[in-house]
Amino acid sequence: MVRGEMKKTFSIRSKKKVKSDADRISTGSTDQRPTVKVFLPNGEFRSVKCGDTTDIKDIIHLVIESLGVNVVTAHIFYGMRIEHPQSLRAFWLRRWFTVQEVRAKYEHMLPLDECRYTLRIKFFPEDLTSFYLKDKASFFFLYDQIKNDYLNHVAEKVDQDIAFRLGALEMRRHFKDMPPNALGKKSNFEILEKEVGFTKFLPKSIIETMKSKALRKILNSYFKQYSELNEEQCCHKFLELLPTIHRYDLETFKCSLGVSIAIYNMLTETSARSLECWLDIIFFQAVFHSKNDD
């Protein structure tokens, strides 16, 4: 998980050799350039001051560097999206696009004043254990992304046993110093419910329909099962259990070519090369069917 609660502001220079006044870097309150807010999976954001000619790649590098990520080795895993929360529409941004080009491309497709930029892991590492050992900051970033995607889009559809197991694992990770029997006490349970809230761990349907006493008893029993796990072990166990009900390493794309062709494909987020191969296959299929239709 990304540590700290402070929202930081950074500045980056334009790549142009000759800079306009709007693109020149400055420090302190004299910097009048626009600010781009980049949201992270854990709910925090980073504010980046940049000119119109700043590209997406530079913004990604600056933000992940502020998170303690090794930019040289890990930048290939990251990508940025522009998202419209109200309609749930989202588009991956090309890394070489400038801020100005992003606005020009999407201003007719989305109400930009209602959109936000989000930083995500776009290409998954092949081995999560190795990924943790090499880059803990990126591993916890990915864990936050997967966990929050589950809670926001999947949790309401799973059965209670899986929901409680995943919730207890995240609670154990979040409260790694909590005694195994802590939730058995009503006072501790009420403090946890009031100050933290159970929506960070469980589906809303369970919280709203189950009585407090029953919820405390069931949650405490699952919590005890994972009481000996440390933070890393909780994360790995969570990521091992979740694929039994949700493939978090897949993303659905709609590819439209021509007037009447629309193809849906599930793409495995493993590497840039895999994505390119899949897109080549999709394009070939679309062209093949198009020619047959003619």
Side-chain angles (χ1 to χ4, degrees), residues 1-2 5-16 20 22-23 25 31-67 69 75-124 138 141-142 144-156 199-200 248 250-256 262 264-265 267 269 272 275 279:
M1 190 174 79
V2 181
E5 296 296 333
M6 294 182 64
K7 311 300 182 288
K8 299 181 180 180
T9 303
F10 308 91
S11 295
I12 50 183
R13 296 180 183 271
S14 164
K15 284 189 170 183
K16 283 188 174 182
S20 65
D23 285 333
I25 188 170
D31 194 339
Q32 300 299 317
R33 294 173 303 158
T35 298
V36 172
K37 286 185 178 180
V38 182
F39 286 83
L40 311 177
N42 66 353
E44 295 183 9
F45 65 84
R46 297 292 185 267
S47 295
V48 181
K49 287 186 177 294
C50 53
D52 287 343
T53 57
T54 303
D55 61 30
I56 297 301
K57 175 175 64 65
D58 281 346
I59 297 176
I60 292 174
H61 285 195
L62 189 69
V63 174
I64 65 175
E65 186 178 24
S66 77
L67 302 176
V69 172
H75 73 92
I76 57 173
F77 296 108
Y78 289 84
M80 266 180 59
R81 297 198 309 191
I82 185 170
E83 299 179 354
H84 184 237
Q86 288 85 340
S87 65
L88 300 181
R89 298 182 72 190
F91 298 90
W92 286 106
L93 301 176
R94 296 175 180 176
R95 297 169 72 90
W96 59 87
F97 268 16
T98 65
V99 173
Q100 187 175 31
E101 288 172 331
V102 170
R103 287 199 297 264
K105 181 176 177 63
Y106 294 104
E107 64 182 354
H108 302 299
M109 303 169 61
L110 300 168
L112 295 184
D113 58 331
E114 299 176 2
C115 294
R116 67 182 192 176
Y117 294 97
T118 59
L119 181 70
R120 292 175 64 87
I121 294 284
K122 185 177 183 181
F123 301 114
F124 277 34
S138 290
F141 185 101
L142 177 59
D144 279 338
Q145 176 178 309
I146 293 172
K147 177 205 49 171
N148 288 324
D149 284 349
Y150 157 73
L151 287 172
N152 293 331
H153 306 296
V154 181
E156 298 296 338
T199 55
K200 291 185 177 181
Y248 55 76
L250 298 180
E251 183 171 1
T252 303
F253 291 85
K254 179 181 179 181
C255 303
S256 297
Y264 289 86
N265 268 276
L267 304 181
E269 297 177 323
L275 181 59
L279 292 177

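Any value given below was found using the heavy atoms of this structure, including those in side chains, with hydrogens, waters and symmetry copies removed. Please read these numbers as outputs of a predicted model, since none were measured by experiment.
Applying the ring-ring contact (aromatic ring centres under 6.0 Å, His included) criterion to Y106, with sequence neighbours excluded, gives F91. In this structure H75 satisfies the side-chain hydrogen bond (donor to acceptor under 3.5 Å, both in side chains) test together with R95, sequence neighbours excluded. With sequence neighbours excluded, the residues satisfying side-chain contact (heavy atoms from CB on, under 4.5 Å) with Q100 are D52, T98, R103. A104 pairs by the side-chain contact (heavy atoms from CB on, under 4.5 Å) definition with nothing, not counting sequence neighbours. Every residue two or more places apart in sequence or in another chain that forms a side-chain contact (heavy atoms from CB on, under 4.5 Å) with V69 is listed here: I64, L67, A74, Y78, D135, A137, S138. Applying the ring-ring contact (aromatic ring centres under 6.0 Å, His included) rule to F39 yields the partners F45; only residues at least two apart in sequence or on another chain are considered. Qualifying side-chain hydrogen bond (donor to acceptor under 3.5 Å, both in side chains) partners for D149, counting only residues two or more places apart in sequence or in other chains: R120. R94 meets the side-chain hydrogen bond (donor to acceptor under 3.5 Å, both in side chains) test with no other residue; sequence neighbours excluded. Judged as a side-chain hydrogen bond (donor to acceptor under 3.5 Å, both in side chains), and not counting sequence neighbours, the contacts of S87 are H84.
Of all the heavy atoms in M80 and W92, the pair that sits closest is O-CE3, 3.5 Å. Here the shortest heavy-atom pairing between P85 and E114 reads CD-O, 3.5 Å.
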Can F97 and I56 be said to form a side chain to side chain contact (heavy atoms under 4.5 Å, CB included), step by step? CA-CA 6 Å; F97 268 16; I56 297 301; 4.2 Å; yes

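Taking the side chain as every heavy atom from C-beta outward, D58 and V48 never approach each other to under 4.5 Å. No side-chain heavy atom of L40 sits under 4.5 Å from any side-chain heavy atom of D144.
One finds the CD1 atom of I59 at 10.5 Å from the CG atom of L119 (value rounded to the nearest 0.5 Å). Note that the CD1 atom of I121 and the CD atom of Q145 stand 6.5 Å from one another [nearest 0.5 Å]. Interatomic distance, CG of L110 versus NZ of K105, reported as 11.0 Å (0.5 Å rounding). Distance check, rounded to the nearest 0.5 Å: NZ of K200 to CG of L151 gives 11.0 Å. Note that NZ of K49 is 12.5 Å distant from OG1 of T54, once rounded to the nearest 0.5 Å. Summarising the geometry, atom CD1 belonging to I76 is positioned 12.5 Å from atom CD1 belonging to I60; distances are rounded to the nearest 0.5 Å.
Contacts classified as salt bridge (charged side-chain N to carboxylate O under 4.0 Å, His left out) and involving residues 80-91 (residues at least two apart or in different chains) are given here: R81-E83, R81-E251.
Between the side chains of K37 and S47, no donor N or O sits under 3.5 Å from an acceptor N or O.
Using a distance-only test at 3.5 Å, with no hydrogens or angles considered, a donor-acceptor pair links the side chain of N148 to the main chain of P41.
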